[in-house]
Q: 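Got a structure for you, written out below as structure tokens; questions coming shortly.
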2 protein chains.
Amino acid sequence: MGSERAEPGTIRPGGRTARVRAAVLRAAEDALIEVGFSRLDLTDIARRAGVGKTTVYRRWGTVTRLMADMLLEMAAQSLPRTETGSLLSDMQAHARLVQRTLADPRQGALFKAVIAAAICDSRAAEALHRFYDIRIREWAPCVEQAIERGEIPEGTDPCEVVRAVSAPLYYRLLTTAYPLDEAAADRAAEAAVAAARAGVFRRPLASPSQP
Amino acid sequence: MGSERAEPGTIRPGGRTARVRAAVLRAAEDALIEVGFSRLDLTDIARRAGVGKTTVYRRWGTVTRLMADMLLEMAAQSLPRTETGSLLSDMQAHARLVQRTLADPRQGALFKAVIAAAICDSRAAEALHRFYDIRIREWAPCVEQAIERGEIPEGTDPCEVVRAVSAPLYYRLLTTAYPLDEAAADRAAEAAVAAARAGVFRRPLASPSQP
DNA sequence: CGGTTAACGGGACTACAGACCCGTTAACAA
DNA sequence: TTGTTAACGGGTCTGTAGTCCCGTTAACCG
């Protein structure tokens with residue numbers, strides 16, 4: 001993120017290196033959509049990126065590490081959240097965002113691929129966990145405000161509510177052939193809010209939400 | 001399943017073939033746990049199974065098709081469901097079953113792997129969808145009885161309720177590093193039941209639940 | 001039983017992903 | 001600028017996953 005001073009024995013993230021990284025990540029994304037996760041190979045990605053394959057093998061080494069780096073990049077681009085006055089509307093907005101993202105052929109394939117990568121490699125898994133941690137936390141304030149408004153009980157774990165909205169959409173994407181439509185998104189939001197109102201997501205004691 | 005008559009040009013699923021299939025599926029499962037999905041290769045599986053690698057390549061051809069066959073096998077072994085007198089207890093039983101399965105290192109790795117396979121290959125995806133369709137339907141009667149008892153509204157889609165129980169557990173498994181404990185299972189069951197009581201899973205009109 | 005042939009298995013062959021070597025380019029400091 | 005060296009890239013080599021050929025085994029039939 002920041003710019004480092006370069007002393008002897010120091011990395012050089014400047015111009016060329018950054019350009020190579022961007023080209024490779026973009027090429028990897030393209031290749032991912034075209035040939036799918038399992039058929040990805042670094043030689044092909046290097047060719048697409050117009051970069052020496054030695055470079056790709058030296059910097060990333062494996063497909064899954066490259067995917068982990070893609071996740072870092074994805075996490076860096078933060079998305080804006082809406083803030084209407086009601087928890088249901090906010091969670092509906094979140095659900096629709098997730099639904100539109102996963103339903104889009106390109107983005108959907110990308111998300112499936114990073115999940116597959118996380119299953120295959122622990123570093124990719126770590127990167128994926130960080131990514132979702134960030135994304136989920138971005139929506140937590142909506143839930144906190146709902147608590148302050150008295151819509152849902154004191155002590156409710158905000159992140160659990162936000163996850164409860166996402167979960168059914170991902171589950172549907174991965175384990176069924178049904179379309180990810182707006183109705184599914186709305187149901188996910190309604191279900192999470194109903195459960196939150198019922199006090200299901202209250203923390204048991206004074207323990208942090210993220211152990 | 002059934003036994004066929006063998007006319008010229010007919011398959012021979014008898015003795016040896018079945019034995020080979022069983023040995024290969026078992027070896028694939030072992031290999032999966034030991035080296036992980038991404039490092040699976042058919043030559044190694046053939047060696048583990050004590051079977052000619054030509055056989056494995058001829059019958060399955062790719063890792064993902066072998067995984068699809070594993071899913072057929074998994075779907076064939078049906079599990080018993082509990083039937084207490086209350087929806088919450090039934091859904092808690094379901095949630096605990098899913099939680100214990102996914103939390104078990106062996107089974108957890110297996111389930112992650114078949115999901116990864118489904119992401120990589122459309123045939124494996126189809127097999128996975130069938131598998132979950134069966135598993136989810138097995139628990140639907142609990143929800144139907146709850147409707148008859150008047151616990152939840154008429155017109156509730158039973159499968160959607162059962163999926164709502166599983167979803168948060170799978171989401172937690174795939175996108176976080178948090179442990180899949182009993183508390184998570186209970187929360188999943190409580191959330192689904194609360195949403196069902198609120199009428200979130202009623203079908204919009206007289207349309208079938210599975211389009 | 002014996003004949004037919006689906007299915008298995010050993011071993012040779014091939015293509016190519018990934019490793020390695022070493023010369024070239026261009027960040028960064030002075 | 002100029003020097004230093006991190007990082008890039010072309011070319012070559014190698015291990016091995018996956019294919020192919022062909023002889024062997026054992027299901028299934030009559």
Side-chain angles (χ1 to χ4, degrees), chain A residues 1-28 31-32 34-69 117 120-121 123, chain B residues 1-28 31-32 34-69 117 120-121 123:
Chain A
M1 295 289 129
S3 54
E4 274 92 344
R5 309 245 117 217
E7 293 160 12
T10 290
I11 55 171
R12 286 182 188 176
R16 183 169 62 166
T17 299
R19 222 175 303 128
V20 164
R21 187 176 108 108
V24 169
L25 291 186
R26 171 152 188 83
L32 199 57
E34 277 184 44
V35 307
F37 170 69
S38 56
R39 307 226 180 279
L40 276 189
D41 91 276
L42 297 187
T43 305
D44 176 53
I45 290 174
R47 197 171 47 239
R48 285 167 184 262
V51 153
K53 77 171 178 173
T54 310
T55 301
V56 177
Y57 278 103
R58 194 186 318 106
R59 286 200 48 176
W60 291 279
T62 66
V63 170
T64 49
R65 281 195 207 168
L66 179 55
M67 302 287 283
D69 202 23
C120 295
D121 180 74
R123 295 191 205 207
Chain B
M1 295 276 150
S3 54
E4 274 90 346
R5 308 246 118 215
E7 294 161 11
T10 291
I11 54 171
R12 285 181 187 176
R16 184 170 60 166
T17 299
R19 222 175 303 128
V20 165
R21 187 176 108 108
V24 169
L25 290 186
R26 170 152 188 84
L32 199 56
E34 277 184 42
V35 307
F37 170 69
S38 56
R39 306 226 181 280
L40 277 188
D41 91 276
L42 296 186
T43 304
D44 177 52
I45 291 174
R47 197 172 45 239
R48 285 167 183 263
V51 153
K53 78 170 177 173
T54 311
T55 301
V56 176
Y57 278 103
R58 195 185 319 105
R59 286 199 49 174
W60 290 280
T62 66
V63 170
T64 50
R65 282 197 207 165
L66 180 55
M67 302 287 284
D69 203 24
C120 295
D121 180 75
R123 295 192 205 205

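Below, chains carry the letters A, B, ... as their sequence lines are ordered, and counting in each starts from 1. Being a predicted model, the structure only gives us computed values, none of them experimental.
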Q: Return the value, rounded to whole Å, for the distance between atom CZ of R19(B) and atom C1' of dT25(D).
A: 11 Å
Q: Please identify each residue that fulfils side chain to side chain donor-acceptor pair (under 3.5 Å) with D121(B), with sequence neighbours left out.
A: none
Q: What pair of heavy atoms forms the shortest contact from A49(B) to A23(B), and how long is it?
A: CB-O, 3.7 Å
Q: Measure CZ/R59(B) against C1'/dT19(D) and give the value in whole Å, please.
A: 19 Å
Q: What string of B, S and - do you get for nucleotides 14-21 of chain C, 5' to 3', if B is base contact, S is sugar-phosphate-only contact and - is no contact with any protein heavy atom under 4.0 Å?
A: ---SBBBB
Q: Would you kindly give the CZ-to-C1' distance between R16(A) and dA27(C), to the nearest whole Å?
A: 8 Å
Q: More than 12 non-hydrogen atoms from neighbouring residues, nucleotides or ligands closer than 6.0 Å to CZ on R26(B), yes or no?
A: no
Q: Provide the closest heavy-atom pair for T64(A) versus A117(A) in the form atom of the first, atom of the second, distance.
A: CG2-O, 4.1 Å
Q: Take atom CZ in R123(A); do more than 12 heavy atoms of anything else shown fall under 6.0 Å from it?
A: no
Q: Output yes when at least one side-chain N/O atom of T55(B) is less than 4.0 Å from OP1 or OP2 of dG9(C), else no.
A: yes
Q: Quick test of your reading of the model: are R21(A) and D69(A) salt-bridged, counting only N-O distances below 4.0 Å?
A: yes
Q: Quick one: label R21(B) by what it contacts on the DNA or RNA (base, sugar-phosphate, nothing), any heavy atom closer than 4.0 Å.
A: nothing
